[in-house]
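Throughout, a chain's letter reflects where its sequence line sits, starting with A, and its residues are numbered from 1. Please read these numbers as outputs of a predicted model, since none were measured by experiment.
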There are 2 protein chains.
Amino acid sequence: MKAATIRDVAERAGVSVASVSRVLTGAGVVAEPTRSKVLEAVEALSYVPHSGARSLSTSRTDVIGVILPDLFGEFFSELIRGMDVACRAQGRHLIVSSSHDDAANAAAAIRSMRGRVDGLIVLSPHLDSGELTSSLSGRLPVLLMNGGDLDGQQPSMAVDNTGGARVAVEHLFSLGRRRIAHVGGPTGNLEARQRKQGYLDAVASAGAQPMLAQGEFTQASGFAAAARLLASDQRPDAIFAGNDAMAVGVLLAIQEAGLRCPEDIAVVGFDDVPIAELVRPGLTTLHIDIAGMGRRAVERLLTEIDDAAANSPQAANDAAREIIVPRLVVRQSCGASTSTQGFSGERP
Amino acid sequence: MKAATIRDVAERAGVSVASVSRVLTGAGVVAEPTRSKVLEAVEALSYVPHSGARSLSTSRTDVIGVILPDLFGEFFSELIRGMDVACRAQGRHLIVSSSHDDAANAAAAIRSMRGRVDGLIVLSPHLDSGELTSSLSGRLPVLLMNGGDLDGQQPSMAVDNTGGARVAVEHLFSLGRRRIAHVGGPTGNLEARQRKQGYLDAVASAGAQPMLAQGEFTQASGFAAAARLLASDQRPDAIFAGNDAMAVGVLLAIQEAGLRCPEDIAVVGFDDVPIAELVRPGLTTLHIDIAGMGRRAVERLLTEIDDAAANSPQAANDAAREIIVPRLVVRQSCGASTSTQGFSGERP
DNA sequence: CCATGTCATGTAACCGATTACAGGAAGCCG
DNA sequence: CGGCTTCCTGTAATCGGTTACATGACATGG
């Protein structure tokens, strides 16, 4: 049995295909008896419009695509969740393509999505992807997240990594720490660079000396980097890690070295992944509302798509960079509060 | 500037649309000079076939849908990653819809996907979703994951929760533990029930008494449940938790109670989420190759789709239930190995 | 009573691909 | 050179929606 078409529905309801279409799309007016006859027929045949045919005549797909790099588990799922919620609310669908670790890979994914989505959200921690995207996009609306945005013309969103890092380091200074070290992420990663820059700014403002160690955004690399720092003759009294995974590695290294956190060395991370509040001591870190970011990204892309469809010239208005400001979450690892809190890590 | 169509390409290349189509789809034969002229024109116009038009004439979308409940971060992202890899390898796309916590919600998502996907993968921890799916699916190929599969006719995949739990508990018995308790997941959850059943089986085989506590698959609930168990007059010497999140809560409760793991109480979890090897002591747990499961699910769905397209009667062959057998990963928390391992938690 | 406007509905063109079938060029053989 | 393949290419029908425009019914006002 073939699937029912709009003509089958029209025939069964005793009306024309135009009326059926009007009822289903909500466009135009239909008299009440017609409407109910149509709905009845739709129900009886369990008719579902053929999305391809619809997209052919409307030249919209009602689908938006997301291109993702290889991401940490929690970040990925939170982001998708937020996007999904926003899409569902707008009657859109989400098509994802993940694990694009290099630019060429991402480019291929973008190409394969063209023609099947109304717009794209591209997460690109690679510096060169700004140009890459614009060169590939043709006239497909694109929203860049956490990327370079080299030309400043693409609509984009990004976390204020520099500012967040500065806040973290200033917080440590305000608690009396003086020898504050930084464990940075991979050099090729834009976010890693920005966080390092924020650290350097804050240290410079305080008139202190920077102490740097290189990591890879992984727990193991944080452990190794911290081990190097602890062995140096000028041992730091605080470590600001480029992300939470490395911060947890730092905590373990401190523990393994027989030192105490926060008494001997304070630690601050970045991202506020769920594990941050579960480790002991609880990790002070910068919180980002990841799901909210995802939701916001979808909303912005949709207005961009609408603008493009309307050919409106004020599209330039939307071509702004939106900044997400992370919020410092103070737990035990920074030493600000010495009270030992009981376990209360409810996780939904 | 409108997007180029196949006719634009044909005109520029000086050939017919049929030839262009043949080059792009790979169907039929084309002479070499024609092929290269076409590819050149495609390149010049940066032509991308209109997926809607294509799906209209081929009645395929090359997209598969995934319906997901609210999942834990790591599980979700690993699963999607595996599916995504498999899809890409087969030239398919993945459309996701997550956070469907109840059956009605999932049903709505399934309906909204009909007509825009070639098949569906439905993750449903709800007991009633087997019928739900079959009633909604019409003639859309569906693969059920971790669901009830009440009628046994749907192709499906599931983890051997019962068997895995039994292995875990038997392992504890083999280490000399005798008073083994279980912290179970929510009663409405099928997987929670199966794991509990495996625990009960193993305990019965050993002629021991079951000790049960109720949790919610969250870390906090595991903490609370363990606290209750530790306060009882017959304190257990081992706790098998229904998943890793609860197991971590159990570890914290033991620590907070001034007891030692594994010396006083051994702990075993289920799932082997990344955090399992990072907590101290390292958590002994049952490993599931989540990404592999996702990949396999896509592959099975694709063969199901092919069978449906070919109208082949041996489709019944595929309507089997495939079982994923979890593997016990022994770390420190069960007390099997007393050697303290250094930190080596490399995480890609 | 006729001209005119309003409103609901129907007819048919169109979106952009695929592909069955027709047709033409070239090659081969007798 | 004629007839027959063989091989490639082009024409046009088709998929299932949407929607501009035509149509017809009915009400209203002069």
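Remark: B/T61 engages B/D118 in a side-chain hydrogen bond (donor to acceptor under 3.5 Å, both in side chains) (not counting sequence neighbours). Applying the salt bridge (Lys or Arg N to Asp or Glu O under 4.0 Å) test to A/R296 and every residue at least two apart in sequence or in another chain returns A/E299, A/E322. Under the side-chain hydrogen bond (donor to acceptor under 3.5 Å, both in side chains) criterion, A/S98 pairs with B/D84, sequence neighbours left out. Listed by chain and residue number, nothing satisfies the side-chain hydrogen bond (donor to acceptor under 3.5 Å, both in side chains) test with B/T34 (two or more places apart in sequence, or in another chain). Residues meeting the side-chain contact (heavy atoms from CB on, under 4.5 Å) test with A/L56, sequence neighbours left out: B/H50, B/A53, B/L56.
Residue pairs meeting the salt bridge (charged side-chain N to carboxylate O under 4.0 Å, His left out) criterion with at least one partner in residues 59-69 of chain A, sequence neighbours excluded, are A/R60-A/D62, A/D62-A/R92. Within the structure, salt bridge (charged side-chain N to carboxylate O under 4.0 Å, His left out) pairs that include any residue of residues 32-55 of chain B do not occur (at least two apart or interchain).
Within the helix from C/dC1-D/dG30 to C/dG30-D/dC1, the inter-axis angle between the opening and closing five-pair segments is 50°, rounded to 10°.
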Where do N or O atoms of nucleotides 23-25 of chain C meet protein N or O atoms at under 3.5 Å, pair by pair?
none

Protein N or O to nucleotides 22-24 of chain D N or O, pairs below 3.5 Å:
none

Base-contact (B) and sugar-phosphate-only (S) positions in nucleotides 8-21 of chain C, heavy-atom cut-off under 4.0 Å, - elsewhere: SBBBB--BBBBB--

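Residue A/L68 holds its CG atom at 5.5 Å from CZ of A/F76, rounded to the nearest 0.5 Å. Atom-to-atom distance recorded for A/L301:CG and A/M83:CE is 9.0 Å, nearest 0.5 angstrom.
Put simply, the side chain of B/I110 reaches to within 4.5 Å of the side chain of B/I67, judged on heavy atoms. A 4.5 Å side-chain heavy-atom check between A/R300 and A/P155 finds at least one atom pair inside the cut-off.
D/dG16 atom P lies 16 Å from atom CZ of B/R60, rounded to whole Å.
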Report, one line per pair, each donor and acceptor closer than 3.5 Å where one atom sits in a side chain of residues 12-28 of chain B; sequence neighbours left out.
unit_1: B/S16; atom_1: OG; unit_2: B/A18; atom_2: N; d: 3.3
unit_1: B/S16; atom_1: OG; unit_2: B/S19; atom_2: N; d: 3.4
unit_1: B/T25; atom_1: OG1; unit_2: B/S21; atom_2: O; d: 2.9
unit_1: B/T25; atom_1: OG1; unit_2: B/A27; atom_2: N; d: 3.3

